[in-house]
Q: 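Just passing along the structure, written as structure tokens.
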Amino acid sequence: MFEVHPNPQPRSEAERAAILANPGFGQHFSDNMALATWTAEQDWHDREVSAYRPFQLDPASAVLHYAQEIFEGLKAYRHANDSIWLFRPEKNAERFAKSATRLALPVLPAEDFLSSIETLVTTDQAWVPGGGESNLYIRPFMFANEVFLGVRPAKTVTYCCIAGPAAAYFPNGVQPVNIWLSTRYVRAAGPGGMGAAKTGGNYAASLVAQQEAYENGCEQVLFTDGAERKWVEELGGMNVYLITADGKLITPALEGTILEGVTRDSVLTLGTERGLQIEERKIAVEEVLQGIDSGLITEIFACGTAAVINPVGSIKTEQKSYVVNNGQSGPHTDGLRRTLLDIQYGRAEDTHGWMHKVC
Ligand code: COI
């Protein structure tokens with residue numbers, strides 16, 4: 001159980017309303033946060049929801065040196081009747097546990113993970129936007145907080161969950177994005193590496209390529225595998241899907257090197273229901289570029305919790321820009337996005353039991 005000690009100085013209603021009117025992404029946070037501590041002697045303890053505030057970190061805290069850290073991303077949605085819901089939070093709990101194991105961090109039991117989120121969202125329910133397609137983005141994370149410079153798994157660990165109102169992930173809203181094909185950098189090593197874990201190190205590894213993408217007029221970067229630099233893996237912070245003229249929905253198979261996206265998994269179900277033929281397999285970069293040129297690939301989209309489903313307008317290489325569907329979103333991308341959002345915002349029946357009511 002997370003004990004609630006609410007922030008004694010929450011933002012005023014007017015301040016909150018101004019933020020909710022234009023939340024952006026990842027810039028504003030609610031009044032409280034969830035916390036728990038793990039030590040080798042005491043296991044998980046001191047579970048609480050209390051005022052959002054800075055950490056006091058010792059300069060020798062292990063995470064600052066060896067990046068023993070993991071995180072998650074999920075959202076709370078306000079439905080028309082003002083009830084508040086999470087989308088498949090048990091999948092995030094599962095992935096958080098897998099990431100913890102890979103990073104030699106203690107597993108936070110799923111009931112604690114869910115209870116921290118439910119307690120925080122209930123306490124800060126006024127921060128869940130209503131109307132439009134805004135929501136409360138929830139960021140659970142865990143880090144090595146032992147003051148020790150030796151390289152070994154930490155014996156003191158902090159779990160925290162923060163949340164903040166969010167609109168579209170990309171600053172231009174839901175517009176087709178241009179993708180830079182990174183040939184110089186990879187985000188993750190091959191099998192045995194930590195590509196499947198949601199850990200800051202993978203995102204840190206992606207940043208130099210992301211910078212290269214910006215320099216080349218692109219918003220996102222596409223990574224290939226670390227071993228052969230031949231197979232499509234994922235984007236900087238999203239999974240990727242292709243749609244072909246003959247009705248196939250294709251995405252790279254999970255082989256331990258890419259993130260097991262919750263949206264990725266949901267799209268497999270929704271794609272099947274749209275009558276698309278699903279293929280989870282290795283996809284060569286050449287197959288993608290030739291497919292765009294020949295017209296076989298009619299749509300490409302990125303997906304993730306933050307990005308939802310976002311059309312890809314082009315893939316740019318050192319040599320050439322490969323424009324997808326005239327740089328426009330396509331009917332399947334739009335349809336899948338609409339169906340997913342309708343379920344999340346309670347406008348369509350939740351036939352899969354994906355939604356989890358908080359309050
Ligand atoms: C998410 O989609 O929730 C992520 O954590 C990815 C990041 C690009 C925001």
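Note that the coordinates shown come from a computational prediction; the quantities given were computed from them, not determined experimentally. The chain is numbered in sequence order, starting from 1. Whatever order the structure lists ligands and atoms in, that order sets their numbers, starting from 1.
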Q: Relative to the heavy atoms of G73, which atoms of ligand 1 are at a distance of less than 4.0 Å?
A: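 Numbered from 1, ligand 1 contributes 3 (O).
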Q: Answer with side chain, backbone, both or neither: which part of R139 has a heavy atom less than 4.0 angstrom from an atom of ligand 1?
A: side chain
Q: Under a 4.0 angstrom heavy-atom cut-off, which atoms of ligand 1 come close to G237?
A: 6 (C), 8 (C)
Q: Going by the atom numbers of ligand 1, which of them fall below 4.0 Å from some non-hydrogen atom of Y137?
A: 1 (C), 3 (O), 4 (C), 5 (O)
Q: Under a 4.5 Å side-chain heavy-atom rule over Ile, Leu, Val, Met, Phe, Trp and Tyr, are I300 and W180 clustered together?
A: no
Q: To the nearest 0.5 angstrom, please state how far the CG atom of L276 sits from the CG atom of D246.
A: 10.5 Å
Q: Using a 4.0 Å heavy-atom cut-off, say whether M238 meets ligand 1 through its side chain, its backbone, both or neither.
A: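 Looking at M238 and ligand 1, no heavy atom falls under 4.0 Å.
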Q: Do the ring centers of F87 and W354 come within less than 6.0 Å of each other?
A: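 Yes, close enough.
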Q: With a cut-off of 4.0 Å, which atoms of ligand 1 are near a heavy atom of K198?
A: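 Listed by number with element: 4 (C), 5 (O), 6 (C).
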Q: Taking 4.0 angstrom as the limit and counting only heavy atoms of A306, give me the atoms of ligand 1 inside it, by number and element.
A: 1 (C), 2 (O), 3 (O), 9 (C)
Q: Please write down residue, atom name and distance for the protein heavy atom closest to atom 8 (C) of ligand 1.
A: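 The answer is Y169 OH, 3.5 Å.
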Q: Between R102 and T199, do the side chains contain a donor N or O and an acceptor N or O under 3.5 Å apart?
A: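 R102 and T199 do not have a side-chain donor-acceptor pair below 3.5 Å.
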Q: Parallel under 30°, tilted from 30 to 60°, perpendicular over 60°: which one fits the rings of Y159 and F96?
A: perpendicular
Q: Tell me, with the steps shown, if T298 and N325 meet side chain to side chain donor-acceptor pair (under 3.5 Å).
A: CA-CA 6 Å; T298 49; N325 193 36; over 6 Å; no
Q: Going by ring-ring contact (aromatic ring centres under 6.0 Å, His included), Y203 matches just one of F71, F223, F141. Which one?
A: F71
Q: Just jot down the ligand 1 atoms closer than 4.0 angstrom to any heavy atom of F71, in number order.
A: 5 (O)
